[in-house]
Protein chains: 2
Amino acid sequence: MSTRLDLTFAALGDPTRRTILTMLLEDDMAVTDVAEPFEMSLAAISKHLTILTRAGLISQEKRGRVKWCKLEPDALREASVWMQGFGQFEPVNLDDFERFLARELSD
Amino acid sequence: MSTRLDLTFAALGDPTRRTILTMLLEDDMAVTDVAEPFEMSLAAISKHLTILTRAGLISQEKRGRVKWCKLEPDALREASVWMQGFGQFEPVNLDDFERFLARELSD
DNA sequence: GAAATCGTCAACCGATTGGTTGAATGACGC
DNA sequence: GCGTCATTCAACCAATCGGTTGACGATTTC
């Protein structure tokens, strides 16, 4: 049996999925639009979205024939709480975050 | 190619490895002592420790015939910084952390 | 030096992962 | 109703994962 924390961290372990999450930070997106920038089949992206959904990191709602993907920060918050017990990390440094984000997106 | 962030999150996706990290919060430990509470072979634990090492989450130093494992919070800090960009999480709540830790350890 | 201890290596196993392709389902637009 | 668009399903593939067992190389102890 996998706990939600297992699924959350495992889901974050793939760069494609992390990039999807950063895209969803901007706004909710349809599956086809999520897939557009990737050099990979729509079916592959659909699988990634299923994994993110099972991990609780996003939710998907079907309206008409398009399925909208929405970031769900709760699972991330759980994981973040778990992590912060190690080492009493200083409060969020937004500059650090933007550096990491930039490095991620440039890959 | 896998980035360190990939390796870090993937490493955290396994409950055995997260438990090992919580054990190492207390103190540095020898491989055999890390393995003792688990119902699994020493070789399996050795593999988990290799994964944690490659992810940068721990370091291993051999002194004599004993190999000591030490928590390395830097990789966790990187991952934490990445995560905290999502949702501007409130400052660490230690009570939350202890609840999660208790739930984890009771599995 | 022989025996025990610490840890890894190598080979194997079944299950899962991350991807592909092609067919199938469902909803729209005309 | 027919074609098209949005998405998933099903089958397949190679690679990786998480575990096992048994042999092995160091190191310590007697």
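Lettering of chains follows the sequences in order, A, B, ..., and the numbering in each one begins at 1.
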>> So if I take every side-chain heavy atom of R65(A) and compare against dT29(D), dC28(C), dG18(D), which nucleotide ends up nearest?
In response: dC28(C)
>> I want to confirm an ordering. Mapping G64(A) and I51(A) to their closest nucleotides on DNA chain C, which one lands closer to the 5' end?
In response: I51(A)
>> A side-chain contact here means heavy atoms from C-beta on lying under 4.5 Å apart; do T8(B) and L12(B) qualify?
In response: yes
> R54(A) has an atom CZ; how far is it from atom C1' of dG18(C), in whole Å?
Replying inline: 13 Å
> When you check the phosphate oxygens OP1 and OP2 of dC17(D), does a side-chain N or O of H48(B) lie under 4.0 Å from one of them?
Replying inline: no
>> So if I take every side-chain heavy atom of D14(B) and compare against dT7(D), dT20(C), dG18(D), which nucleotide ends up nearest?
In response: dG18(D)
> For the pair made of CG in L49(B) and P in dC6(C), what is the distance, rounded to whole Å?
Replying inline: 15 Å
>> From C-beta outward on R17(A), which listed nucleotide comes closest to its side chain: dT8(C), dG18(C), dG19(C)?
In response: dG18(C)
> Looking at the side chain of A43(A), which of dT20(D), dG18(D), dT8(D) is the nearest nucleotide?
Replying inline: dT8(D)
> Counting side-chain heavy atoms from CB outward, which of dT20(D), dT21(C), dT8(C) is closest to K47(B)?
Replying inline: dT20(D)
>> Within the supplied structure, the quantity of interest is the number of heavy atoms (other residues, nucleotides, ligands) at a distance under 6.0 Å from R4(A) CZ; does it exceed 12?
In response: yes
> Considering only dG18(C), dG19(D), dT7(D), which nucleotide approaches the side chain of V31(A) most closely?
Replying inline: dT7(D)
> How many Å lie between CD1 on I45(B) and C1' on dC6(C), as a whole number?
Replying inline: 15 Å
> Tell me: CG of L52(A) to P of dT8(D), nearest whole Å?
Replying inline: 12 Å
> Looking at dG19(C), dG18(D), dG7(C), which one has an atom nearest to any side-chain atom of T32(B)?
Replying inline: dG7(C)
> Among dG7(C), dG19(D), dG18(C), which is the nearest nucleotide to the side chain of K67(B)?
Replying inline: dG7(C)
> Once you round to the nearest 0.5 Å, how far does CG of L57(A) lie from CG of L7(A)?
Replying inline: 9.5 Å
>> Using whole Å, what does the distance between atom C1' of nucleotide dC17(D) and atom CG of D6(B) come to?
In response: 16 Å
>> Are R18(B) and P15(B) packed together at the side-chain level, in the sense that at least one heavy-atom pair is separated by less than 4.5 angstrom?
In response: yes
>> From NZ of K62(A) over to P of dT8(D), roughly how many Å is that when rounded to an integer?
In response: 7 Å
> Of the nucleotides dG7(C), dT20(C), dG19(D), which one has an atom closest to the side chain of V66(B)?
Replying inline: dG7(C)
>> What verdict does the salt bridge (charged side-chain N to carboxylate O under 4.0 Å, His left out) test give for K67(B) and E61(B), after you've listed the backbone C-alpha separation in whole Å, the side-chain angles of each residue and the deciding distance to 0.1 Å?
In response: CA-CA 5 Å; K67(B) 202 165 187 178; E61(B) 183 196 356; over 6 Å; no
> Is there a side-chain polar atom (N or O) of S46(A) under 4.0 Å from OP1 or OP2 of dT7(D)?
Replying inline: no
> Is there side-chain contact between F38(B) and I20(B), with heavy atoms separated by less than 4.5 Å?
Replying inline: yes
> Can you find a side chain N or O atom of S41(B) that sits less than 4.0 Å from OP1 or OP2 on dT20(D)?
Replying inline: yes
> DNA chain C: L42(A) or W68(B), which has the more 5' nearest nucleotide?
Replying inline: W68(B)
> What is the distance from CD of E61(A) to P of dT8(D), rounded to the nearest Å?
Replying inline: 14 Å
>> Whole angstroms only, please: what is the CD1-C1' distance between I58(A) and dT7(D)?
In response: 14 Å
